[in-house]
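This report refers to the structure that appears directly beneath it.
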Amino acid sequence: MTPDRRKTAAERTGPSAAFNAARSPRSPRGQAIASVIGAAPASVSPDLVAENPENPRQDFDPEYLEQLAQNMREVGQIQAVTVMTRLAYLVVHPEYKDVISPDHDYVIIDGACRLRASQIAGIDLRILVDDSTAGTPEDLLAAALSANHFRKDLTPIEEATALEALVAFHGSAAAVVAVLGGKLTDSWISTRRALLKLPEPVQDRVAAKEIPVALARKAATLPRPEQEPFIAAAMDERKARKDAAPKPVRGRAAAALKKSQPEAAPRTPQSGNAPENPTPNLQSFPEPRPEQRAEPFPPAGADEPIDWTDPEVVTSMILRHCPRDAVSKIAEGLLSSL
C-alpha cells in the first residue's frame, strides 16, 4: 500500500466543492449572477483585497511577516485565505461603505497575516470566497440595485444583467420592484433589460460609455439586423452636430477677447424733459433665496455662450444656477427618461 504521505492532495482529501462548481456548467441565471457579482478566481493580487475594519487585531509583528513572506515566496501559500466580496461585505456592514474603496474587490475575513505577507513577497494571494453571511446571490443583486453606493459601481449592462436574473428568479418586473422597495420603477427595469437585446459588441460599447444609454435603448426596439446601422448613423449625426456647434470661449481666451473689445461710450444726457438721473433700463433677475445659493442665469449676449452639447458645461450651469430641489428634480427626470 502506498504511504499516505506520497498521495496527492486531491487523493487525500478529494476534490473540493469549489473545484466541482467550477467544472459544472452554469445555468443562464447563474451566468447572469456571476457576471454581476463576479465569478470567484483562485487567486488575486493582494492589492484587490481590503483590510477588515472589524478585525480586532491591529498590531502585526514585522519580523514574523517578513519570515512568512519569505516562506510563501519559496514554498508557496499552503492555505487559502477567506474573503468576502466587497458587495457582500457592505450588505452586512453598510457603515463601512466609505471606508472600503471601490478599488478593492474583496475584504479579508480570515488570513490578515497572509494578506500582508503576500504584499511583502509580491505574489498573488490564494483566496476562498464566502459570501454566505450576506444571504443568497439574489439578495446581493437586490442590494446592488437598491443602494446608490452599489449602483454607481455598475455599468448599464451590468444593471440590465442583474435585473434579468432577478426577474427570472422572482417571476416578473413588478415583483422585483416590490423586492427593491420601490427604488426602481417597472418601466425603468423594462428599458434597462432591453439593452440585453443588443449585440455583445454594442453592449460592450454601452458599458464603456461610448454609446449613450438613451440611443442604445431606442436601437434595442428595432429588429436585430437594423440595430447596428441605426446606432452608426445616429452616432455620425451626433458627431456632426457637435462639430458644427460653436465652441464656447472660456478662461484666458475669454478674458483676452473681452479686453480686446472696445468699451461702450458713455451716454450723453439728452436735452428736453428727460430726468436728471434716469433709471437705467436693466433687465432684472429674481434674487435667489439664501438657502438656495443659486446665481441668476446670464442675460442674452453674455460673453460665454452655453454649449448645450457639452455635458460638463450643462452640469456646471445647472449646479451654479439652480436651487437644490430643482437639481434633484432635473436628475430624476433625466434618469427616468433613460
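What you see is a predicted model, and the numbers here were worked out from it, not measured in a lab.
The distance from the CD1 atom of Ile100 to the CE atom of Met84 is 9.5 Å, given to the nearest 0.5 Å. From Ile157, atom CD1 reaches atom CZ of Arg205 across 12.5 Å, with rounding to the nearest 0.5 Å. Taking OG1 from Thr161 and CZ from Arg193, the interatomic distance works out to 11.5 Å, rounded to the nearest 0.5 Å. The CD atom of Glu228 lies 9.0 Å from the CG atom of Leu198; values are rounded to the nearest 0.5 Å. Atom CZ of residue Phe230 and atom NZ of residue Lys218 lie 6.5 Å apart, to the nearest 0.5 angstrom. For the atom pair Ile123 CD1 and Ser43 OG, the distance stands at 9.5 Å (nearest 0.5 Å).
The minimum heavy-atom distance between Met72 and Ser118, with the atom names listed, is CE-CB, 4.0 Å. Contact detail for Val81 and Gly111: the closest heavy-atom pair is CG1-O, 3.7 Å. When all heavy atoms of Ala117 and Ala69 are compared, the closest pair comes out as O-CB, 3.4 Å. Here the closest non-hydrogen pair linking Cys322 and Ile330 is SG-CD1, 4.3 Å. The two residues Met235 and Leu215 have their closest heavy-atom pair at SD-CD2, 3.6 Å. Looking at every heavy atom in both residues, Cys113 comes nearest to Leu65 through O-CD2, 3.7 Å.
By the 4.0 Å N-to-carboxylate-O rule, Arg192 lies too far from Glu164 to be salt-bridged with it.
Checked by atom type and distance alone, the side chain of Gln227 pairs as donor or acceptor with a backbone atom of Leu222 at under 3.5 Å. The main-chain N or O of Ile78 is found under 3.5 Å from a side-chain atom of Arg126 such that the two form a donor-acceptor pair. Panel note: side chain Ser101, backbone His104; no donor-acceptor pair is recorded below 3.5 Å.
Put simply, the side chain of Val44 reaches to within 4.5 Å of the side chain of Val49, judged on heavy atoms. Side-chain contact between Leu125 and Gln77 is present, with heavy atoms from C-beta onward closer than 4.5 Å. Asp186 has its side chain within reach of Ser190: a pair of non-hydrogen atoms, C-beta onward, lies under 4.5 Å apart. Between Val179 and Leu166, every side-chain heavy-atom pair lies at or beyond the 4.5 Å cut-off. Contact check for Val167 versus Ser172: no side-chain heavy atoms found under the 4.5 Å cut-off. At least one side-chain heavy atom of Arg238 sits under 4.5 Å from a side-chain heavy atom of Pro212. Between Glu226 and Pro223 the shortest side-chain heavy-atom distance falls below 4.5 Å.
Enclosure of atom CZ in Phe60 by more than 12 non-hydrogen atoms of other residues, nucleotides or ligands within 6.0 angstrom is indicated. Annotation: Glu200, atom CD; neighbour count of heavy atoms from other residues, nucleotides and ligands within 6.0 Å does not exceed 12. Counting heavy atoms of neighbouring residues, nucleotides and ligands inside a 6.0 Å radius, atom CD of Glu95 exceeds 12 of them.
A donor-acceptor contact closer than 3.5 angstrom is absent between the side chains of Gln70 and Glu66. Side-chain atoms of Asn52 and Tyr89 include a donor-acceptor pair closer than 3.5 Å. For Thr85 and Asp131, the side-chain atoms include at least one donor-acceptor pair closer than 3.5 Å.
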Could you give me the CA-CA distance, side-chain angles and deciding distance for Leu115 and Glu51, then say whether side chain to side chain contact (heavy atoms under 4.5 Å, CB included) is met? CA-CA 9 Å; Leu115 168 61; Glu51 297 279 356; 4.1 Å; yes
Criterion side chain to side chain contact (heavy atoms under 4.5 Å, CB included) on Val177 and Ile189, from CA distance to verdict: CA-CA 8 Å; Val177 172; Ile189 290 176; 3.6 Å; yes
Check step by step if side chain to side chain contact (heavy atoms under 4.5 Å, CB included) holds for Leu319 and Val327. CA-CA 7 Å; Leu319 293 176; Val327 172; 4.1 Å; yes
Would Asp110 and Val83 count as a side chain to side chain contact (heavy atoms under 4.5 Å, CB included) if you check the C-alpha gap in whole Å, the side-chain angles of each, and the deciding distance to 0.1 Å? CA-CA 7 Å; Asp110 178 34; Val83 299; over 6 Å; no
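Side-chain heavy atoms closer than 4.5 Å link hydrophobic residues (I, L, V, M, F, W, Y) into clusters, and following such links, possibly through other members, connects Leu196 to Ile231.
A cation-pi arrangement is absent between Arg86 and Tyr106 under the rule of less than 6.0 angstrom and at most 45 degrees off the ring axis.
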